[in-house]
Amino acid sequence: METTGGIQASLSGRYAVALFDLARDGQSLDTVAESLAALKAAIAQSPDFKALINSPVLSRDASGKTISAVASSMGIDPLTTKFLGVLAGNRRLGQLPAVIRAYETLLSNHNGEARAEVTSAHPLTKTQITALGKSLRARVGRDVAVDAKVDPAILGGLVVKIGSQMIDSSIRTRLNSLAMAMKG
């Protein structure tokens, strides 16, 4: 398998590897990826859903029933729904964002592509993401899956992370560098 020791070393990584193995065996890697993408969007957009997965107050049973109902209403596939039930039963729903990131990395590795985490001050259009993916492909020599995030604090420019490499062309970093040079 294409997993790295770093992924398997973490708790969320072990869950992601287990889900990935089950999805691969069931030939549903892309279906699970779509469900996880929907869950990732729900975590980002819904404070209530984020509170649900991080709630220490809900019992295992209540957490399991609630997450099952949410998964059903979202149209999440059966394997991912069962997986969410396991996370709820083990009181690990708070690990879901990290599990999703690890699964995305595993899937990218499986597909022979690199994964880039791109942070911008404003949302990127699909055209911009496609162009960025092509540019990064030329740099790393293989296809690149772009995971775009928005952080207005960078003011402008981009911060791109591919594996252990980071390209920071944000205005915030440039201003900080200029300020340090002026103090110098």
Side-chain angles (χ1 to χ4, degrees), residues 1-46 49-50 53-54 67 71 74-88 90-120 123-124 126 128-151 154 157-170:
M1 176 157 184
E2 306 86 6
T3 60
T4 62
I7 289 177
Q8 289 179 324
S10 68
L11 177 66
S12 57
R14 289 192 297 273
Y15 278 108
V17 168
L19 178 60
F20 182 85
D21 287 345
L22 289 170
R24 187 183 56 208
D25 293 347
Q27 298 180 350
S28 59
L29 287 171
D30 292 333
T31 304
V32 170
E34 290 170 12
S35 292
L36 292 178
L39 290 166
K40 184 178 183 178
I43 292 167
Q45 297 169 359
S46 171
F49 186 67
K50 191 172 187 175
I53 66 170
N54 290 312
I67 199 69
M74 289 178 66
I76 301 298
D77 71 280
L79 176 59
T80 307
T81 300
K82 286 180 188 176
F83 178 75
L84 291 171
V86 170
L87 286 179
N90 292 335
R91 298 186 91 35
R92 300 285 188 222
L93 278 175
Q95 293 287 318
L96 186 57
V99 169
I100 293 170
R101 282 191 304 274
Y103 184 92
E104 289 171 340
T105 300
L106 290 167
L107 185 60
S108 291
N109 290 342
H110 178 76
N111 292 334
E113 62 188 12
R115 181 150 212 94
E117 182 180 299
V118 178
T119 306
S120 61
L124 298 174
K126 289 185 180 188
Q128 290 171 322
I129 290 173
T130 302
L132 182 60
K134 287 179 183 176
S135 176
L136 292 172
R137 184 188 195 293
R139 183 178 177 116
V140 299
R142 59 183 176 154
D143 288 337
V144 178
V146 176
D147 183 18
K149 296 188 325 185
V150 176
D151 180 5
I154 70 168
L158 296 173
V159 178
V160 180
K161 294 179 189 173
I162 303 174
S164 62
Q165 292 182 341
M166 183 167 113
I167 305 162
D168 188 345
S169 66
S170 67

Go through it in stages, so that I can follow the logic: the residues are Glu104 and Ile100, the test is side-chain contact (heavy atoms from CB on, under 4.5 Å), and I'd like the CA-CA distance, side-chain angles, deciding distance and then a yes or no. CA-CA 6 Å; Glu104 289 171 340; Ile100 293 170; 3.8 Å; yes
Pair Val118, Gln128 - check side-chain contact (heavy atoms from CB on, under 4.5 Å), show working. CA-CA 11 Å; Val118 178; Gln128 290 171 322; over 6 Å; no
I would like to know whether Phe20 and Val99 meet side-chain contact (heavy atoms from CB on, under 4.5 Å); could you show each step before the answer? CA-CA 10 Å; Phe20 182 85; Val99 169; over 6 Å; no
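Separating the CG atom in Leu158 from the CG atom in Leu132 is a distance of 6.0 Å, to the nearest 0.5 Å. For the atom pair CG (Leu87) and OG (Ser12), the distance works out to 10.0 Å, reported to the nearest 0.5 Å. Here the CG-CZ distance, from Leu136 to Arg139, works out to 8.0 Å after rounding to the nearest 0.5 Å.
In this structure, Ser135 has no side-chain contact (heavy atoms from CB on, under 4.5 Å) partners at least two apart in sequence or on a different chain. Residues passing the side-chain contact (heavy atoms from CB on, under 4.5 Å) test with Ala33, sequence neighbours excluded: Tyr103, Leu107. Residues meeting the side-chain contact (heavy atoms from CB on, under 4.5 Å) test with Lys50, sequence neighbours left out: Ile43, Asn54. In this structure, Asp151 has no salt bridge (Lys or Arg N to Asp or Glu O under 4.0 Å) partners at least two apart in sequence or on a different chain. Evaluation of the side-chain hydrogen bond (donor to acceptor under 3.5 Å, both in side chains) rule for Gln95 yields no partner, not counting sequence neighbours. For the side-chain hydrogen bond (donor to acceptor under 3.5 Å, both in side chains) test, residues two or more places apart in sequence or in another chain that qualify with Lys149 are Glu117. Taking the side-chain hydrogen bond (donor to acceptor under 3.5 Å, both in side chains) definition, one finds that Arg115 meets it with Ser108, sequence neighbours left out. A search for salt bridge (Lys or Arg N to Asp or Glu O under 4.0 Å) contacts involving Arg92 returns nothing, not counting sequence neighbours. Every residue was checked against the side-chain hydrogen bond (donor to acceptor under 3.5 Å, both in side chains) condition with Ser120, not counting sequence neighbours, and none meets it.
Shown here for Ser10 and Gly13, the closest heavy-atom pair between the two residues is OG-N, 2.9 Å. Nearest heavy-atom pair across Gly133 and Val144 is O-CB, 4.3 Å.
Counting only heavy atoms from C-beta outward, the side chains of Arg142 and Glu113 never approach each other to under 4.5 Å.
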Using distance only, find each side-chain donor-acceptor pair of residues 77-84 under 3.5 Å and give its atom names and separation, not counting sequence neighbours.
unit_1: Asp77; atom_1: OD1; unit_2: Ser35; atom_2: OG; d: 2.5
unit_1: Asp77; atom_1: OD1; unit_2: Thr80; atom_2: OG1; d: 2.6
unit_1: Asp77; atom_1: OD2; unit_2: Leu79; atom_2: N; d: 3.2
unit_1: Asp77; atom_1: OD2; unit_2: Thr80; atom_2: N; d: 3.1
unit_1: Asp77; atom_1: OD2; unit_2: Thr80; atom_2: OG1; d: 3.3
unit_1: Thr81; atom_1: OG1; unit_2: Ile76; atom_2: O; d: 3.4
unit_1: Thr81; atom_1: OG1; unit_2: Asp77; atom_2: O; d: 2.9

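Although no hydrogens or angles enter the test, the distance criterion places no donor-acceptor pair under 3.5 Å between the side chain of Ser28 and the main chain of Thr31.
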